[in-house]
Amino acid sequence: MNKIAKPAAEVDPITLQVIRGAFETIAEEMGHVLYRMSFSSIIRESQDLGAGLFDLNFNTLCESESTPMHIGSIPAYLRGIAETLEDGEWREGDVVVHNHPYYGSSHTPDLAIVVPVFLQGRLIGFAGNTAHHVDIGAATPGLIIDVPDVFAEGMLFAGTKLYRGGEPNGAIWNYIRRNSRAAQQLIADIEAQVASARLGARRFVELIERYGEETVFAAANQLMDYAERMMRQKIEAIPDGDYTAEGWLDDDGRNREQRLKVKVTVRVRGDGLEVDLTGSANQTPTAYNVPFEGSTKVAAYAAFRKLLLDTATSESRVPSNEGSFRPIAVTAPLGSIYNPRFPASAEARFTQCNRMIDLIIRALAPVMPETVIAGSSASISFAAYSGVRPSGDYWVFLEVNEGAYGGRPRSDGPDSIDNLMANTRNNPLEDLAMHLPMICDRYELRDDMPAGAGEFRGGIGVVKAQRMLQPGFITHESERHTDAPWGIFGGTEGSVGRCTIRAADGTEREMPSKFSGLAVGEGEVMTYYSPNGGGYGDPLNRPALKVLDDVLDGFCSVERAREFYGVIVDTESETVDMLATEQARDRIRAAR
């Protein structure tokens, strides 16, 4: 592999900022092209994607503002491509597709498209993106959980060239076309990825032609060094020590009632740290495992970007590049759920990553009280609805449902929003009803269970009910039906999630948090209730008028306001009895 030497001369501050802005603009433009050209709603609407530029050492130079799991994983994809590249050589005009979870991918449905960047006949870097695809031919449509090995997850690509020297590889395109239930969408979405990557490569060359190769790469190295320096400064402010937290996942999608332990130890030493997952559950016999390079490590990086370099709380905005990853080491024993042995399947890996981040936050709470938040839903509701049209063609729809954050040091947890590792958007209901034999019966903030009480309450999750208008299948990956989001500093825990299936005759059954290929009939409804976040701080310190607002908004009952907050609400006059509230709070404090 060619190495890029760091030039001795530093780039002046003005030029450095101009090039930084150019990098960020290129990444954003790549992301916009990808989601605007795509046909499937999971990319077009949810924006389940990532894009960026990379040097010859596979360092991230810039990234789009999209799902952290995607963009943070592309360096691992590039390392996997280096091991598996078809004919072992990059040529100008090549386009590679890659998704093998044992060669760096985040999981199989996330296809990476990588284009080499050449300057005057020399390879100088890469432009790449990843996106989640509707169906890659797995054992069940769209998503898969209960399968025995990685080969049942669908098409596997490792360093495979879609274009060789600018010419399409017809055999591979035909193979893809013949092995997906949603081939038209899959092909169109891959073509959007190719256009995005080619645009990134072209913009990279244009930037170099304007400022010079030495200056651009010197600026890139300075920006990475700056991001590393800022991350190390933040880590150094954390007292040295080992910080541990534990939690439980519901099950592996097959062996019900067998919860899976997640143990996180954060070791802080000086200006570096290690995230150690030793003590977590062994790998599972289903797809409920996590690819180590492409997902486990990326989740750790994302956790500390959020905790230490958040743009809303930092004094300066730190560029999103490889430098922020350098101070962080990740350990997970081979054969564990976070580092499975080949050929274990590993498609359903997201909720484990989100829980890992949630526990990193919990572990550090004693030494970072003004930075951490209470427990979030730290899950995902990823549903695949599918069926066969009268024409004999499959339809497949992927949907990501929102959760909620935990209470924060200065404000309530945000309601009905992707959290921690995820920031995908919801799908417009009109789009669903226009194109698919489904209709949404209910979509609103959850009202059957409360959020965690606290000085700052937990966020409120979502409830969504989708009705099938013809027979079909549902695969659903979610979590946290048994382990409620935790409260902190006197706040109470939130509420667990749940999922039900209601038959056409009105009978309803409780469903486990994850299930694969469930056959459903016309008129059946799946209703998902996401977990509510935990509370932050003593509920008795919450202003009484805020509690009144929650009662009037239907987020808190009169009884709960009295029991947990010590607030006496008169719903007829829509007021608080302040004297009775003061007395009630004194009684609660005395009883503690």
Tell me whether the NZ or CZ atom of [X] lies within the 45° cone about the ring axis of [Y] and under 6.0 Å from its centre.
{"X": "Arg498", "Y": "Tyr529", "answer": "yes"}
{"X": "Arg229", "Y": "Tyr226", "answer": "no"}
{"X": "Lys464", "Y": "Tyr528", "answer": "no"}

Contact between [X] and [Y] at the side-chain level, heavy atoms closer than 4.5 Å - yes or no?
{"X": "Val463", "Y": "Leu445", "value": "no"}
{"X": "Val275", "Y": "Thr331", "value": "no"}
{"X": "Asn339", "Y": "Thr296", "value": "no"}
{"X": "Val266", "Y": "Asp242", "value": "no"}
{"X": "Pro327", "Y": "Leu273", "value": "no"}
{"X": "Val150", "Y": "His107", "value": "no"}
{"X": "Pro450", "Y": "Ser495", "value": "yes"}
{"X": "Ile588", "Y": "Leu540", "value": "yes"}

Minimum heavy-atom separation for [X] and [Y], please, with both atom names.
{"X": "Ser41", "Y": "Leu398", "answer": "OG-O, 4.2 Å"}
{"X": "Tyr102", "Y": "Ala344", "answer": "OH-O, 2.6 Å"}
{"X": "Pro366", "Y": "Pro369", "answer": "O-CD, 4.1 Å"}
{"X": "Ala197", "Y": "Asn129", "answer": "N-ND2, 3.4 Å"}
{"X": "Pro539", "Y": "Gly490", "answer": "CD-O, 3.4 Å"}
{"X": "Val290", "Y": "Ser295", "answer": "CG1-CB, 3.5 Å"}

Exactly one candidate in Leu53, Thr25, Leu49 meets side-chain contact (heavy atoms from CB on, under 4.5 Å) with Met30; the answer is Leu53
The residue among Thr244, Leu277, Asp358 that forms side-chain contact (heavy atoms from CB on, under 4.5 Å) with Val264 is Leu277
May I ask you to decide if [Y]'s main-chain N or O and [X]'s side chain share a donor-acceptor pair within less than 3.5 Å?
{"X": "Asp240", "Y": "Gly270", "value": "yes"}
{"X": "Ser381", "Y": "Ser478", "value": "no"}
{"X": "Arg355", "Y": "Trp248", "value": "yes"}
{"X": "Asp250", "Y": "Thr482", "value": "yes"}
{"X": "Arg326", "Y": "Met231", "value": "no"}
{"X": "Thr284", "Y": "Thr286", "value": "yes"}
{"X": "Tyr405", "Y": "Leu420", "value": "yes"}

Determine whether Arg589 and Asp538 satisfy the following criterion, salt bridge (charged side-chain N to carboxylate O under 4.0 Å, His left out), listing intermediate values before the conclusion.
CA-CA 11 Å; Arg589 291 189 182 99; Asp538 188 342; 5.3 Å; no
- Task: Kindly indicate, with the supporting measurements, whether the criterion side-chain hydrogen bond (donor to acceptor under 3.5 Å, both in side chains) is fulfilled by Asn426 and Tyr443.
- Result: CA-CA 11 Å; Asn426 63 351; Tyr443 189 26; 3.0 Å; yes
| request: Quick one: do His100 and Glu83 satisfy side-chain hydrogen bond (donor to acceptor under 3.5 Å, both in side chains)? Show the steps, please. | output: CA-CA 11 Å; His100 202 301; Glu83 292 184 57; over 6 Å; no
Item to check | Verdict with supporting geometry, Lys514 and Glu479, salt bridge (charged side-chain N to carboxylate O under 4.0 Å, His left out) | outcome: CA-CA 7 Å; Lys514 55 192 78 68; Glu479 250 301 330; 3.0 Å; yes
Is a salt bridge present between Arg457 and Asp550, judged by a nitrogen-to-oxygen distance below 4.0 Å?
yes
Query - Electrostatic pair Arg20-Glu24, nearest N-O below 4.0 angstrom - result: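 Counted as a salt bridge, because a side-chain N and a carboxylate O are separated by less than 4.0 Å.
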What's the verdict on side-chain hydrogen bond (donor to acceptor under 3.5 Å, both in side chains) for Asp418 and Thr424, showing C-alpha distance, side-chain angles and the deciding distance? CA-CA 7 Å; Asp418 259 354; Thr424 51; 2.4 Å; yes
query: Yes or no on salt bridge (charged side-chain N to carboxylate O under 4.0 Å, His left out) for Asp276 and Arg267, after CA distance, side-chain angles and deciding distance?
result: CA-CA 8 Å; Asp276 187 354; Arg267 295 189 178 90; 2.7 Å; yes
side-chain hydrogen bond (donor to acceptor under 3.5 Å, both in side chains) assessment of Asn255 paired with Asp251
CA-CA 6 Å; Asn255 300 291; Asp251 60 62; over 6 Å; no
Crowded around Glu257 CD? As in, over 12 foreign heavy atoms under 6.0 Å? no
Under the criterion side chain to side chain donor-acceptor pair (under 3.5 Å), which of Arg232, Glu228, Arg305, Lys234 is the partner of Ser324?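 By the side chain to side chain donor-acceptor pair (under 3.5 Å) criterion, Ser324 pairs with just one of Arg232, Glu228, Arg305, Lys234: Arg305.
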Hydrogens and angles aside, do Tyr288 and Thr351 bring a side-chain donor and acceptor to less than 3.5 Å of each other?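 Judged by distance alone, the side chains do pair up.
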query = Are Tyr77 and Ser106 close enough that a side-chain donor and a side-chain acceptor fall under 3.5 Å?
reply = yes
**Asked** Would you call the rings of Tyr536 and Phe456 parallel, tilted or perpendicular, where under 30° means parallel and over 60° means perpendicular?
**Response**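 Taking Phe456 first and then Tyr536, their aromatic rings sit tilted (interplane angle of 30° to 60°).
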Inset, instruction - Could you pull out all residues at least two apart from Phe382 that satisfy ring pair (Phe, Tyr, Trp, His ring centres under 6.0 Å)? - result: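 Counting only residues at least two positions away or on another chain, Phe382 forms a ring pair (Phe, Tyr, Trp, His ring centres under 6.0 Å) with His132.
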Step-by-step salt bridge (charged side-chain N to carboxylate O under 4.0 Å, His left out) determination, Glu293 to Lys297 = CA-CA 6 Å; Glu293 290 291 333; Lys297 292 172 71 172; 3.1 Å; yes
Starting at OG of Ser530, measure out to CG of Asp415 and round the result to the nearest 0.5 Å.
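These two atoms lie 10.0 Å from each other.
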